[in-house]
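Naming: A, B, ... by sequence-line order, numbering from 1 per chain.
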Amino acid sequence: MAAYNASQTEEKWQKKWEETELHSVDLSDSKKKKFYNLVMFPYPSGDRLHVGHWYNYAPADSYGRYMRMKGFNVLEPIGFDSFGLPAENYAIKTGVHPTKSIAQNVEHMIVQLKRIGMIYDWDKTVVTSSPDYYKWTQWMFLQLYKKGLAFKKFAPVNWCPNDKTVLANEQVQDGKCDRCGAEVTKRDLSQWFFNLSSYAEKLLDFEGLDWPEKTKTMQKNWIGKSVGSEIVFKVEEPAADLIVYTTRIDTLFGCTYMVLAPEHPLVALLTTKEQKKNVEQYIEKTKKISDIERSSEVREKTGVFTGSYAINPVNGEKVPVWIADYVLVHYGTGAVMAVPTHDDRDYAFAKKYKLNLRTVIADKKQHGEKEMEKYMEENGAYCNDGILINSGDYSGMTSADARVKITEALASKKLADFKTNYKLRDWLLSRQRYWGAPIPVVNCAKCGEVPVPEKDLPVMLPEITDFTPRNDGKSPLSKSEEFKNCKCPKCGGDAERETDTMDTFVCSSWYYLRYPNNKLTDKPFDKDMVDKWLPVDMYIGGPEHACMHLIYARFMNMVMHDLGFVDFKEPFKKLVHQGMITKNGAKMSKSKGNAVSPDMFVEKYGSDVFRMYLMFMGPFQDGGDWNDTGITGISRFVEKFWTLINQKFESDGGENVKRGLNKLIKKAGSDIEIFHFNTTVAAMMEFVNLASKEGIDDASKKDLVRLIAPLAPHLAEECWEILGEKYSVVDSGWPKYDEKLTIDSTVTIGVQVNGKVRGDIEIAVDASKEVAIEMAKANENVAKHLKEGVIVKEIYVPGKIVGFVVK
RNA sequence: GCCCGGGUGGCGGAAAUGGUAGACGCGCAGGACUUAAAAUCCUGUUCCAGCAAUGGAGUAUGGGUUCAAUUCCCAUCCCGGGCACCA
């Protein structure tokens, strides 16, 4: 028998799979239950696939293969998220036009992906930068536009000075650009948004979603729902209504001043002549401070008095109105009531500017004002709920009750109301970059903003040669007269195209709808088809997308649902995140120079060994630091497996092997289902070791080959053929097991004396307590320890333990 | 600061519901085969003492509950991730 030749075997089967179209899916098949197994698609920049990609894709594919063997009709597509910065920056760097470099890189990635041995249906591929795809991205935009969910507005937005484009809030991390790490600045620009915030409440509903708790929590925090009240503070001179939002209206009697954000629209009106200079200087100063600095909690608070006073509606008291940059203009009403005694930020501010303090909440232990003041001197503001004091008729109430009562009382005078706020803001989707789907809108001097009619889609992205990003807040497309100048679709007169392109997250917010329909030319997707195939049954990808892609895609799908285009609200029923693969503790990337290429390992050991090694590292969700030292173990295992299958045995291994196999079938299935491939592989090793020693018959060999098929598809295919079975193993079904044979008739259990193990006994699983105790006492070492005292208690947990308590 | 995870041999990691801690693999040590090496096979491998039987300690640290704790409770430390002036 020859040693296993991995490279030859893998080449042979990859060729055969392709020739026989083994992985093409009949979407109309109604005999089998469908299973949509989806992995987040890659950006085809210049990077080749590294070990991190394999760590993600190979187990995802093993899962898909497992589901196919379980009898499902599995759709497992892959595509390329080819618009956007990674591709464009690569093109700029290499001087090759993205149209060309994308084609090359996609081609190269396909070769690499095929070497892994996936069951991808290559006929269903999508490439987001191709016109037959982005035509429908533009169509999506138009549907939102029609419903008023897409609009242009002038606003302070995040600007990345390095990438020279605006960014969505989700793409700013710690005040830095998510792509390049440059510090983000603010710019006042007119930009396109999707009305994401209007979906905040819907996005908070995770009903029926099998998602990691952590991911749901992250989205909940990002959406940031808060329930409170809006209160009107009247200003007499000049007359104005100042509206504030608070979750702590119970502390209203402790409000000793108010604060507006520097950008608040009433600032100019409320600033008195005497204060004008100070205020203007202050606003000028805050503009220069970056967002990171401004949002830092450590930074000392600054502010300036406007000269005006507002009336606290609950007690008629006049309080000074200040301006400070610790108040954010885009949240709530951009103005707050300040209660220094019960809010950390207000406390720090009031101390600095020597503003008044009044204690209005006592803790639940009924401490009075004196005790609370002493507490605050030591610990700062008391921010918990408590019992109201110094609060007129409300004194003595709990915070929770007072919030309702005070709001209701003021509401009757139209001075307050209940209000819910969200941190989630609208999705800024326009980008001042070349490599994206053009926004299908035309600006006409006569008709104004006019959407491009659906029949005129796609608005083709022109192949311009100079697409370097610009500093003036305009897209490089604005330089292309040919693109820019057009006729107004409404009046036929001269008009100009919108030259911004769409955020690539728009492209990826709907691609899962396109896979089953990727060849349709008259619509983005067929309703019957997507209603049949979606939601995605299993979605696999990185946790870094929790508050970006995974929010955008849910939003887009919900919009499609609300517009009647699809019947399902949520796009992804079940979600699993792979862990991160690091190299010496750092995230693997080409730019860091620590990306490990899988090619060398695949060449030496084969794809099967390499993918099993990645799976053997630990649970899929954990990731880990890359280290190749253990790969020989998997290589040896494959060799052993190969020998076992090819060897003729005198014995069928008997009861031991039969039970071992049944246990293995059970364990492999349940572990694969929770992505614990590491223990699946370990269990296979154990069984192979056992069978190699004791012998095995052909029928059991066939079961074993089917069990390893999802993990080592090439090896399995070859063994399947050797055993004389019909191509292909992936359609041979998943072996069944006999529950009775997974339970041993006898077990070895420990015997404890006073909690310490003093021996073990082999005993029937269903043995009676009497028998167990008797056998335990018969153990020499146990008997020795029992003699040290008198037995006061005897414990027997069948199949687990015998215990004695001796005194 | 707040909210989640997590801390187990030299290493990666196993251990539903509390019940013989360390499966499986790597590495290491000894042995077999070989002129030799590699490959392969066998044996051992948590630490300490002992030739061994066995005894003691042991799942970040300190307490607690229990006949019995990696698992449950309290406190502390460390690491990773997320959020971070959201009123």
For the side chain of [X], starting at C-beta, report the closest nucleotide among [options].
X: A:W222; options: B:rG27, B:rC67, B:rA84; value: B:rA84
X: A:A682; options: B:rC24, B:rG81, B:rU54; value: B:rC24
X: A:K793; options: B:rC67, B:rA87, B:rC85; value: B:rC67
X: A:V327; options: B:rA87, B:rA23, B:rU54; value: B:rA87

Length of the [atom1]-[atom2] vector between [X] and [N], whole Å:
X: A:E794; N: B:rC67; atom1: CD; atom2: C1'; result: 12 Å
X: A:Y347; N: B:rC85; atom1: OH; atom2: C1'; result: 17 Å
X: A:I773; N: B:rC67; atom1: CD1; atom2: P; result: 16 Å
X: A:M580; N: B:rG81; atom1: CE; atom2: C1'; result: 9 Å
X: A:K756; N: B:rA68; atom1: NZ; atom2: P; result: 10 Å
X: A:Y257; N: B:rA87; atom1: OH; atom2: P; result: 16 Å
X: A:K769; N: B:rC67; atom1: NZ; atom2: P; result: 14 Å
X: A:Y326; N: B:rA87; atom1: OH; atom2: P; result: 13 Å

Syn or anti for B:rG6 (syn when the glycosidic angle lies within 90° of 0) = anti

Indicate syn or anti for B:rA14, taking the glycosidic torsion and treating anything within 90° of 0 as syn.
-> anti

A:K285/A:D325 under salt bridge (Lys or Arg N to Asp or Glu O under 4.0 Å): CA gap, chis, key distance, verdict | CA-CA 10 Å; A:K285 219 165 65 192; A:D325 64 5; over 6 Å; no

Decide if the gap between the ring center of A:Y552 and the ring center of A:W222 is smaller than 6.0 angstrom.
-> no

Answer with yes or no whether the side chains of A:T679 and A:D671 bring together a donor and an acceptor at under 3.5 Å.
-> yes

Using only heavy-atom distances, determine whether the side chains of A:Y382 and A:D344 contain a donor-acceptor pair under 3.5 Å.
-> no

[N] and [M]: how far apart are their [atom1] atoms, nearest whole angstrom?
N: B:rG7; M: B:rU45; atom1: P; answer: 26 Å
N: B:rA84; M: B:rC73; atom1: P; answer: 30 Å
N: B:rU61; M: B:rU71; atom1: P; answer: 11 Å
N: B:rU59; M: B:rU20; atom1: C1'; answer: 15 Å
N: B:rC72; M: B:rG6; atom1: P; answer: 10 Å
N: B:rC78; M: B:rU46; atom1: P; answer: 32 Å
N: B:rU43; M: B:rG25; atom1: P; answer: 12 Å
N: B:rA57; M: B:rU70; atom1: P; answer: 13 Å

Side-chain N or O of [X] versus OP1/OP2 of [N]: is the shortest distance under 4.0 Å?
X: A:N221; N: B:rC4; value: no
X: A:H785; N: B:rG55; value: yes
X: A:R636; N: B:rG25; value: no
X: A:K640; N: B:rC24; value: no

Checking base pairs now: Watson-Crick or wobble, both atom distances under 3.5 Å. What partners [N]?
N: B:rA29; result: B:rU43
N: B:rG58; result: none
N: B:rG80; result: B:rC4
N: B:rA53; result: none
N: B:rU17; result: none
N: B:rU70; result: none

Please determine if A:R554 forms a cation-pi arrangement with A:W211, meaning its NZ or CZ atom is less than 6.0 Å from the six-membered ring centre and no more than 45° off the ring axis.
-> yes

Validate the cation-pi geometry between A:K301 and A:Y326: distance from NZ or CZ to the six-membered ring centre under 6.0 Å, angle to the ring axis within 45°.
-> yes

Output for pair (A:F206 CZ, A:L575 CG), nearest 0.5 Å, gives 10.5 Å

Does the side-chain hydrogen bond (donor to acceptor under 3.5 Å, both in side chains) test come out yes or no for A:E762 and A:T746, once each step is laid out?
-> CA-CA 7 Å; A:E762 203 184 323; A:T746 63; 3.3 Å; yes

Starting at the 5' end of RNA chain B and moving along, which residue's nearest nucleotide shows up first, A:E213 or A:V805?
-> A:E213

On RNA chain B, nearest-nucleotide positions of A:V753 versus A:C547: which is more 5'?
-> A:V753

Is the CD atom of A:E739 crowded by more than 12 outside heavy atoms at less than 6.0 Å?
-> yes

Going 5' to 3' along nucleotides 8-22 of chain B, which nucleotides have protein heavy atoms under 4.0 Å from the base (write B), which only from the sugar-phosphate (write S), and which from neither (write -)?
-> ----BSS--B-BBS-

Taking the side chain as every heavy atom from C-beta outward, state whether A:K352 and A:T302 have any pair of such atoms under 4.5 Å apart.
-> yes

Would you classify A:R758 as touching base, sugar-phosphate or nothing, given that sugar-phosphate means primed atoms plus P, OP1 and OP2, and contacts are heavy atoms under 4.0 Å?
-> sugar-phosphate

